[in-house]
Amino acid sequence: MFRQVAVVLFYCSLSVLQVHCFINGWSQASNLLLAGSKTYLSYSDSIAAGANHAMSECKHQFMWDRWNCPDNSLSLFTELNPTREMSFVHAISTAGVMFTLTKNCSMGDFTKCGCDNSKVGQMGGDNWQWGGCSDNVDFGERVSKTFIDGLETGEDARAVTNLHNNEVGRKVVRKTMQRRCKCHGVSGSCSIQTCWDQLADFRVIGSILKKKYLDAVRVDYLRGQLIDGLVTSTNEEQETSEDSTAMKKRNLVYLERSPDYCNANSTIGTRGTEGRECLRHPKDDASADEMDAWQQRSCKRLCTKCGLRVKKTKIVVETSCNCQFQWCCNVKCDKCKTEKNIFTCEIL
Ligand SMILES: *[C@@H]1O[C@H](CO)[C@@H](O)[C@H](O)[C@H]1NC(C)=O
Ligand SMILES: *[C@@H]1O[C@H](CO)[C@@H](O)[C@H](O)[C@H]1NC(C)=O
């Protein structure tokens, strides 16, 4: 059954409309799955929404990086080289799909699934008991695992790597769940609370995965297992220590070094950094600590280090200003024009 899913995605990789095709691919995959299980068809919209959500979060997280999550990353994600970037794409898309499936389930969008009420009424601690509607991550995890892990048909290094990174994505969704509580008792005395667990904001999940991307570990594949790449390169015979195995479970892993992404490469769908905007803040603008250091160094990273120059362009932006409240009930504003500098990478 899953072999057919892979065929659909491969067909899609030839399409120009990569993202749409990915989504269609999923819907078609669901049609194929319909033969096996009718239930899965009802999840296809949710899965497509999850994949889209993951994609826009990926673009947000990599806004100031050389590799900025090009549109084909998702549709080709079982075929592109297993680099650090692809490890992120695997984790975030699996997380995105698990996230939306779980949310849809809590919202009552699916007939066969609802909130996790298994502990309602039980005491959770000294002064609180389980209540409300906990997000049903077990459901989201199970279905996303069937779908996304099912895309890996091989049993080679790449498949094992992809499955590992998918699992990292799912773990982050589960681990970032937050407990929410509501007070009860005489006039809000809060002598008893009811609590439930809910998913974190997807931005939180995206940011954690971005950190994991920066800490990703290069691995080798030996005798059916992933082992720390550093271990094999320094000592062929050395077995992996328990430490490095434990570490790998939490870490994103990749098999191949990335290109520098300075230049366009149509095979991997990257456009290079020429023409990209970067951020540079003059003294009278935002103070340094208001700005993310990563963003602040973006001109150096995107332009200078790729052999491009930073071009400054003055642009005029129109904003609302001198706003006044008028009785009743309007706000009247003037249009003000302010000059702003933008920086882009240009050929020397
Ligand atoms: C699930 O959630 C997504 C995004 O919030 C929404 O687009 C979709 O319509 C929902 N329902 C189903 C059945 O997928
Ligand atoms: C583009 O990327 C592919 C895959 O990483 C690589 O094999 C090829 O050499 C690259 N092409 C150029 C022109 O850099």
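When a ligand or atom number is given, it counts from 1 through the structure's own listing order. Along the sequence shown, residues carry numbers from 1.
Cysteines Cys345 and Cys299: SG-SG separation is not under 2.5 Å. Here the two cysteines Cys105 and Cys113 have their SG atoms closer than 2.5 angstrom. Remark: SG of Cys306 is found under 2.5 Å from SG of Cys262.
Of the N and O atoms on the side chains of Asn81 and Thr83, not one donor lies less than 3.5 Å from an acceptor on the other residue.
A distance limit of 4.0 angstrom between heavy atoms and ligand 2 selects the residues Asn81, Asn265, Ile268.
Relative to the ring axis of Phe343, Arg280 places its NZ or CZ within 45° and under 6.0 Å from the centre.
Checked by distance only, ligand 1 and Asn104 come closer than 3.5 Å through their nitrogen or oxygen atoms. Any N or O atom pair closer than 3.5 Å counts here, and Asp45 shares no such pair with ligand 1.
Near Ser46, with a cut-off below 4.0 Å to any heavy atom, the atoms of ligand 1 are 14 (O).
Here the options are Arg301, Lys210, Arg276, Lys59, the test is salt bridge (charged side-chain N to carboxylate O under 4.0 Å, His left out), and the partner is Asp65; only Lys210 passes.
Applying the ring-ring contact (aromatic ring centres under 6.0 Å, His included) test to every pair with at least one member in residues 100-126, sequence neighbours left out, gives these pairs: Tyr43-Phe110, Phe110-Phe139.
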